[in-house]
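Letters go in sequence order (proteins before strands), and every chain restarts at 1. What you see is a predicted model, and the numbers here were worked out from it, not measured in a lab.
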Amino acid sequence: MDISLLLDNLNDGQRNAVAASSKHQLVLAGAGSGKTRVLVQRIAWLLNVENVSPFAVMAVTFTNKAAKEMRARLEEVLNVPANGLWVGTFHGLAHRLLKQHWREARLPQHFQILDSDDQLRLIKRLMKAHNIDDSRYPPKQIQWFINGQKDEGRRAAHVIPSADPFQETLRTVYALYEENCQQNGLVDFGEILLRSHELWLENPDLLQHYQQRFRHILVDEFQDTNNIQYAWIRILAGQNISVMAVGDDDQSIYGWRGANIDNIRNFQHDFPGAELIKLEQNYRSTANILAAANAVIENNQGRLGKNLMTQGEEGEPISLYSAFNEQDEARYIADLVDEWSRGGRLRAEMAVLYRSNAQSRTLEEAFLRSGIPYRIYGGQRFYERLEIKNALSYLRLLLNRQDDAAMERVINVPARAIGEKTVEILRSHAREQGCSLWQSAHEALSLGLLPKRAGTAVQGFIDLIDEMSVGIHELKLHEIVDNSITQSGLIEHHKKEKGEKGQARLDNLEELINAARQFESGDYLPADEVDDETEENSGQTDLAIFLDNAALDAGEGQADEYEDAVQLMTLHSAKGLEFPQVVLAGLEEGLFPHKMSMDEAEGLEEERRLAYVGITRAMEKLIITHAESRRLHGQENFSTPSRFIREIPDELIQEVRLKNTVSRPLMAKHNRGGYDTPAQPDFVKQEQSAGVPYDLGNRVYHEMFGEGTVLQFEGQGPGLRVQVFFDDAGQKWLVANFAKLEKI
DNA sequence: CTGAGGCCTATTTTT
DNA sequence: TAGGCCTCAG
């Protein structure tokens, strides 16, 4: 391959990274600086120019999405399938390792992956079994604790005993949980990493094997690594493997779940001689947007130091809209979308970003009212849905009767008269015998441990599963899935459910069959799934791989909508994306920065990085909104504009004063007597007030309350309510139909 | 087993 | 305010 092809059209920083000859590199890649491109070209460079074998390269990402994208772009550049390369998520690669070396890892060959839902159930069950009060020790918190410990590489035995009984309980449950997992061959997400780290630690030969195999490791989003992930990289890298870490300390926003920003700060120390390469040329945003981002992030301490620049144009100023409450804010944003699409742009080019999911509701309502198509990101993932998890549990049982978690889940779904009592008998017998639930069910039947009715029901379940597995080796994957959701009665079960929910669940099950069908066609298979070390893979059926894949990939939140829709999402989920027009909503003290994070410097700085991430998502136009009052948890809250707004230089900001909007509640500033209609009386907001003869800002008369000013509308038709500020009676919400307000 | 009603809580999310 | 979760009655 022509070298110039790989280096053409790169700026200096990018070129330095792609063609680096140093042993290690820390690439500080600012937002929109072409990070993925560099990563991909670097790999191409290694393969084609330095003639590194594809088997000697590992590229690690955080999300499946990122891994997929990298692989796709790599194949585009290389023009051949990226065979042999290990490209994947930390968890994906570590899992693969454990699969291959299950004996050394002290795991059963078919260990099960526990997702956070399964994990929580197990914790709850253990607590119950050991009489630990779950109101004093919330299972969620214990789960959090366990995961946190694992992220730090600590097993239960490593947790230092404490005089504090609370801490002791945490430690105890961790120990119980650990023991139970080991006994039943269960592995949670944290365990995948921890275990594979230990695998190397305890098996020097194995480690050496991999250290000789790999020559280059590339890590994406390095600022998001937690301690165990960093340790994993370090132990693998050893003395001889080159590591290229790509990341941006200013975009570290996952500290709260264990990501350690110091990993990026310490990289050059831990990997001596690592070359620092900065990518500061931004190809995404206008100069104004960048200037705002830079100004905000400058307020953080201890940055590695990086200033984004652009050669692009100055662009429009940043708009700032001070809404009077969250309804007003949402309405304003809805208007912006309309304006944008009337200007001939796609709504999908516009995103509304917010700090917390609760904010989406008001926006959603406003969009609904205005008939604007929208799409909300986040929410429940496909493979996490109840009906899907149930279906997968049946499949897991087909494959492995010893899978207690799966059996627990579906033994009585759909209801087949196997109640908690019966399950508890099976459980305790299993515990005594040290066997699986399935085994226990068999024994309970032959020993007559169960009452007659329960016995019949359990027998029925056993027969059902056995029946379902007849001939699965002859069937295609999607047929297995199809049969099992039908035979298990899940389809019937959800058909009976009333409302739209049941239908949605049926659709999802249908979608699962589809997913299986796609899986068969093979394009799912990362090309490297079939590589040099398949010995252990041979016995794996399609079904097993499908299930593992489902466990490690939550799937998208929702299916794509066909319609051109505005994108709504949290700031966190916007990382890595870009949009021509971006609205940052709810920039208020207490909401953003969030009150849970603003007391400590670390927390506040992470919030600021989040703001930085938000601002740098915008390509052409950025709009910031905040509301002076916001209803939250049923309570009206007043808040001041976010400090992050103040941190943006005034000259970059243009305040919006719409002629057709009440942008200030006014009455907060004036006394009743001095209250007057706003200066610009031409209110055009007809749609809210349809059906009543007055509009926002109009003076009206009420029999009892006297004269006042219309502040806002809510609801429609007979439910239409109107808020009026009465000169003598103060602020009131009235149902328009009953209030008999007259325009003065 | 289902449904009604009471209680509690309420950042961010991937694997 | 609202949704999730749990308990209890039928």
C:dA2 to B:dT13 separation - C1' atoms, rounded to the nearest Å | 22 Å
Rounding to a whole Å, what distance do you find between A:W144:CH2 and B:dT12:C1'?
-> 9 Å
Indicate, with a heavy-atom threshold strictly under 4.0 Å, whether A:D115 touches base, sugar-phosphate, or nothing.
-> nothing
Check whether any side-chain nitrogen or oxygen of A:R381 sits under 4.0 Å from OP1 or OP2 of B:dT14, and answer yes or no.
-> yes
Is the count of non-hydrogen atoms from other residues, nucleotides or ligands lying under 6.0 Å from A:E364 atom CD greater than 12?
-> yes
Look at the side-chain N and O atoms of A:K124 and state whether any lies under 4.0 Å from the OP1 or OP2 oxygen of C:dC6.
-> yes
Base, sugar-phosphate, or nothing: which does A:Q119 touch, judged by heavy atoms less than 4.0 Å apart?
-> nothing
State whether A:S573 places a side-chain N or O below 4.0 Å from either non-bridging phosphate oxygen (OP1 or OP2) of B:dT13.
-> yes
Ionic contact status for A:D220 with A:K35, cut-off 4.0 Å | yes
Nearest-Å distance for atom pair CZ/P, residues A:R453 and B:dC1 = 9 Å
Separation of A:Q359 atom CD from C:dA2 atom C1', in whole Å?
-> 16 Å
Check the angle between the aromatic planes of A:F461 and A:Y394 and answer parallel, tilted or perpendicular using the 30° and 60° thresholds.
-> tilted
Pair A:E589 + A:K595, salt bridge at N-O below 4.0 Å = no
A:R303/A:D249 ion pair, N-O < 4.0 Å = no
Assert: residue with more 5' nearest nucleotide on DNA chain B, out of A:G190 and A:H493, is A:H493
Whole angstrom is fine here: how far is it from NZ in A:K389 over to C1' in B:dT15?
-> 13 Å
Here the distance between atom P of B:dA10 and atom NE2 of A:H633, to the nearest Å, is 9 Å
Quick one: is C:dG3 close enough that its OP1 or OP2 comes under 4.0 Å of any side-chain N or O from A:R361?
-> yes
Check every atom of B:dT12, B:dT13, B:dT15 against the side chain of A:Y254 and return the nucleotide holding the closest atom.
-> B:dT13
Report the residue (A:E420 or A:L552) whose heavy-atom-nearest nucleotide on DNA chain B is the more 5′ of the two.
-> A:E420
Is any side-chain nitrogen or oxygen of A:N357 closer than 4.0 Å to OP1 or OP2 of B:dT13?
-> yes
Could you check whether A:N64 gets within reach of a base, just the sugar-phosphate, or nothing at all, counting any heavy atom under 4.0 Å?
-> sugar-phosphate
Measure the distance between the ring centre of A:H91 and the centre of the six-membered base ring of B:dT15, then answer whether it is under 5.5 Å with planes under 30°.
-> no
Counting side-chain heavy atoms from C-beta on, which of B:dC1, B:dT14, B:dT11 comes nearest to A:R257?
-> B:dT14
Separation of atom CD1 in A:I228 from atom C1' in B:dT14, rounded to whole Å | 16 Å
With A:L506, which of A:H493, A:E387, A:H494 fulfils side-chain contact (heavy atoms from CB on, under 4.5 Å)?
-> A:H494
Have a look at A:S597 and say if it touches a base, only the backbone sugar-phosphate, or nothing, with a 4.0 Å heavy-atom cut-off.
-> base
Side chain of A:S356 (C-beta onward), nearest among B:dT13, B:dT15, B:dT11 | B:dT11
Base, sugar-phosphate, or nothing: which does A:A551 touch, judged by heavy atoms less than 4.0 Å apart?
-> nothing
Could you give the NZ-to-C1' distance, from A:K140 to C:dC6, as a whole number of Å?
-> 13 Å
Scan A:N412 against the nucleic acid and name what it touches under 4.0 Å (heavy atoms): base, sugar-phosphate only, or nothing.
-> sugar-phosphate
Are the ring of A:W256 and the base ring of B:dT12 both nearer than 5.5 Å at their centres and tilted by less than 30°?
-> yes
Taking the inter-plane angle between the rings of A:W232 and A:W200 on a 0 to 90° scale, is it parallel (under 30°), tilted (30 to 60°) or perpendicular (over 60°)?
-> tilted
d(CD, A:Q635; C1', B:dC8) in whole Å | 15 Å
Can you tell me, in whole Å, how much space there is between the C1' of B:dT12 and that of C:dC5?
-> 23 Å
